[in-house]
There are 2 protein chains.
Amino acid sequence: MVMSGRDRPTLENVAQRAGVSRATASRVVNGSTSVAPHIRDKVLNAVDALGYVPNQAARSLVTQRTDSIALVASETTSRVFSDDPFFAAVIRGVSLELEAADKQLVLMMVGPSGPSHDRVERYATGGHVDGAIIFSMHGADPLPERLSRAGVPVVCNGRLLTQSQVPYVDVDNEDAARAAVHHLLDTGRRRVATIAGPQDMSAGIDRLKGYRSAMQDASRRSIVAVGDFTRQSGALAMSQLLADDPQLDAVFAASDAMADGALRALRQNGRRVPDDVAVVGFDDMEFARDTEPPLTTVRQPITDIGRTVARQVLRLAAGEQIEPVLLLPTELIKRESA
Amino acid sequence: MVMSGRDRPTLENVAQRAGVSRATASRVVNGSTSVAPHIRDKVLNAVDALGYVPNQAARSLVTQRTDSIALVASETTSRVFSDDPFFAAVIRGVSLELEAADKQLVLMMVGPSGPSHDRVERYATGGHVDGAIIFSMHGADPLPERLSRAGVPVVCNGRLLTQSQVPYVDVDNEDAARAAVHHLLDTGRRRVATIAGPQDMSAGIDRLKGYRSAMQDASRRSIVAVGDFTRQSGALAMSQLLADDPQLDAVFAASDAMADGALRALRQNGRRVPDDVAVVGFDDMEFARDTEPPLTTVRQPITDIGRTVARQVLRLAAGEQIEPVLLLPTELIKRESA
DNA sequence: TCGTGTCTTGAGAGCGCTCTCAGGCCGATT
DNA sequence: AATCGGCCTGAGAGCGCTCTCAAGACACGA
């Protein structure tokens with residue numbers, strides 16, 4: 001078995017070439033200020049003459065840090081692996097932030113609480129990472145709490161459904177949904193339905209709650225169908241809603257993908273948008289401005305959520321206190337569908 | 001700075017508790033067969049009594065392996081971070097395969113040959129990973145070659161545009177495109193246009209080449225517009241094509257997202273699909289069956305590509321010889337758009 | 001001139017693990 | 001009964017790095 005790194009230069013080599021001790025070479029490499037300039041230069045020269053790169057394993061062994069953060073995502077989540085690019089946007093944000101801090105991103109997918117669950121738990125609690133970001137949890141997943149209890153800095157994306165102190169970053173889903181529904185009501189819609197997200201995820205639950213509360217405020221009856229954030233489920237739910245209440249004149253979908261599916265279903269059922277039925281989505285994904293008609297939707301700053309959650313976990317790993325809950329702002333983007 | 005793992009049990013502790021030497025404990029943990037069963041049991045008991053998890057850093061230090069593989073993706077790639085879920089599907093495949101081999105996935109995004117490029121290179125050549133998977137490269141990116149030359153096992157997704165021996169996994173884009181165009185011609189279409197992908201990526205180049213070659217075979221003139229794999233670019237390109245040749249009766253788009261954009265543009269220009277214009281896409285993404293009309297498209301096994309590329313890099317890292325080029329099959333999925 | 005304090009440098013002890021090597025035990029063979 | 005061979009086990013040497021601690025160098029004031 002040929003190892004690529006067998007002949008990689010070590011700090012010892014660098015020190016030798018520079019004519020200093022290993023300790024001094026280490027100081028230079030790690031940017032200590034208390035090294036005489038001319039010695040510093042000698043070491044730096046040696047470093048790039050030899051193409052020296054520190055061995056992370058050796059470093060971790062002594063520092064007890066790994067400089068890497070786990071990003072745990074549920075593989076089954078439709079938001080993660082379907083035609084909803086939510087996942088990519090979050091990763092992007094996380095990645096940007098970690099890169100800036102010179103940390104690595106270790107991606108772990110977990111199935112529905114199967115063996116891969118244990119694997120993640122063992123890996124994370126095993127000190128392989130300095131912290132973990134968990135997102136798109138379904139149901140009352142015990143993972144965040146467990147990791148946290150095991151001493152791993154954990155920050156989640158999205159409110160936890162368990163009783164738990166694990167900090168999280170999210171938008172105010174309930175409030176945002178309420179705003180969307182109010183917009184519909186304010187523009188004269190009477191029979192407003194909703195296509196809710198999965199009811200084992202906080203985003204799904206809270207947006208439905210927001211819808212209900214807004215409808216209650218206006219003394220109107222709720223008309224609900226549940227999807228799973230995908231286009232297909234949106235189309236299906238829309239058909240159901242139409243069957244349930246052919247008179248409905250507006251629908252609030254808990255994701256843009258579902259809203260897009262709904263648009264299709266409406267079209268196929270001969271309804272004009274927004275003339276007959278107004279549609280509001282949620283996310284403001286890129287494709288929302290290209291649907292027919294362009295989608296009025298609740299923008300949430302997905303990449304920012306990724307960045308923020310990463311920043312929080314880094315702070316936590318650095319021993320800082322962080323806010324247990326951080327809610328990022330949303331904004332209703334008015335286009336033509338409502 | 002409180003470290004979570006400060007008091008984690010070490011192999012020494014396990015050995016002590018089991019009343020054996022550290023060497024024997026190590027043997028058990030690593031599944032060596034030459035350990036007496038009753039001793040083995042004692043050690044295993046100690047392991048889970050203490051909740052022992054091996055320290056990866058220490059292990060790496062001596063084995064010179066890290067058990068992790070880097071997945072390098074170009075951040076600018078529209079396929080990666082737009083409404084095209086290509087990225088997620090590849091990751092999924094890679095992840096599945098690595099998980100099965102108990103390897104970690106380290107995700108690295110690179111911008112357009114900026115500082116992040118060096119970072120990736122340093123990191124990978126620095127022995128932090130056992131291998132690297134590179135995908136969605138733009139232009140003549142020197143990264144794969146450099147890493148490979150530095151002794152890092154590298155496998156790419158997609159043909160390289162540089163002269164290079166770096167192995168890759170892909171589909172036969174040229175051939176697949178040819179098949180798509182032939183289908184159009186065979187069904188009586190005369191003026192077949194194409195919306196090509198970016199011409200600094202092999203997938204873009206090769207699919208265009210396939211289109212051209214099929215058109216030449218049929219002695220027809222090429223009608224070309226170039227997009228960047230996104231919906232928006234597809235819509236734009238379609239409008240251009242329509243302006244260039246109002247008589248066109250078919251279009252082959254190099255991605256489903258662009259095909260979807262094209263469908264929209266066609267609709268907006270009053271063309272019926274497939275009656276006036278037939279449309280064929282490429283990818284067979286999930287949404288392709290829900291477009292209006294459902295999209296005829298070239299299916300490529302994206303998740304499989306991810307799996308395969310992961311498998312190849314693992315083999316390479318294990319010192320095996322691998323095929324320099326591996327082409328996975330495509331299939332023309334006929335739906336209603338053509 | 002000598003002592004004191006400050007600053008830079010080097011020596012060396014591990015971090016937790018794997019793996020080689022040698023020793024010990026035991027059954028088998030002559 | 002003595003010797004041989006095979007199989008387990010333990011001792012110990014590192015892997016490459018960081019960090020503590022002490023020693024050396026130097027400037028300064030008394």
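Only heavy atoms go into these numbers, but all of them, side chains included; no hydrogens, no water, no symmetry mates. Order of the sequence lines fixes the chain letters, A, B, ..., with proteins taken first and strands second; residue numbering starts at 1 for each chain. Predicted model, so just to flag it, every value in this text is computed and none were measured.
- A:Leu50 has its CG atom 15 Å from the C1' atom of D:dG16, to the nearest Å.
- Judged by distance alone, the side chain of A:Ser164 and the main-chain N or O of A:Val166 form a donor-acceptor pair under 3.5 Å.
- A:Ile302 places a side-chain heavy atom less than 4.5 Å from the side chain of A:Phe86.
- Nucleotide C:dC17 holds its C1' atom 8 Å from the CZ atom of B:Arg59, rounded to whole Å.
- A:Thr63 has no side-chain polar atom (N or O) that falls below the 4.0 Å cut-off from OP1 or OP2 of D:dT18.
- If you take CD1 of B:Ile39 and P of D:dC7, they are 17 Å apart, rounded to a whole angstrom.
- Side-chain polar atoms of A:Gln312 and A:Glu323 form a donor-acceptor pair below 3.5 angstrom.
- B:Leu61 has its CG atom 11 Å from the P atom of C:dT18, to the nearest Å.
- Between D:dA11 and B:Ser21, no contact under 4.0 Å exists linking OP1 or OP2 to a side-chain N or O.
- Closest approach of B:Leu147 to B:Ala124, counting heavy atoms only: CD2-CB, 3.8 Å.
- The side chain of B:Val20 approaches D:dG10 more closely than any other nucleotide in the set D:dG10, C:dG12, C:dG16.
- In this structure, of D:dT9, C:dG16, D:dT20, it is D:dT9 that holds the atom nearest to the side chain of B:Ala36.
- The distance from atom NE2 of A:His38 to atom C1' of C:dC7 is 14 Å, rounded to the nearest whole Å.
- For B:Ala23, taking side-chain heavy atoms from C-beta onward, the closest of the listed nucleotides D:dC17, D:dG10, D:dC15 is D:dG10.
- A close approach under 4.0 Å does occur between a side-chain nitrogen or oxygen of A:Thr24 and OP1 or OP2 of C:dG10.
- Counting atom types as modelled, B:Arg8 pairs no side-chain N or O with a base atom of C:dG16 as donor and acceptor under 3.5 Å.
- The distance between atom NE2 of B:His128 and atom P of D:dG16, rounded to the nearest whole Å, is 14 Å.
- A close approach under 4.0 Å does occur between a side-chain nitrogen or oxygen of A:Asn30 and OP1 or OP2 of D:dT18.
- Nucleotide D:dA13 holds its P atom 15 Å from the CD atom of B:Glu12, rounded to whole Å.
- For the residue pair B:Thr125 / B:Glu121, no side-chain donor-acceptor distance below 3.5 Å is found, with atom types taken as modelled.
- Between the P atom of C:dT18 and the CG atom of B:Leu11 lies a distance of 6 Å, rounded to the nearest Å.
- No hydrogens or angles were tested; on distance alone, a donor-acceptor pair under 3.5 Å links the side chain of A:Arg22 to the base of D:dT18.
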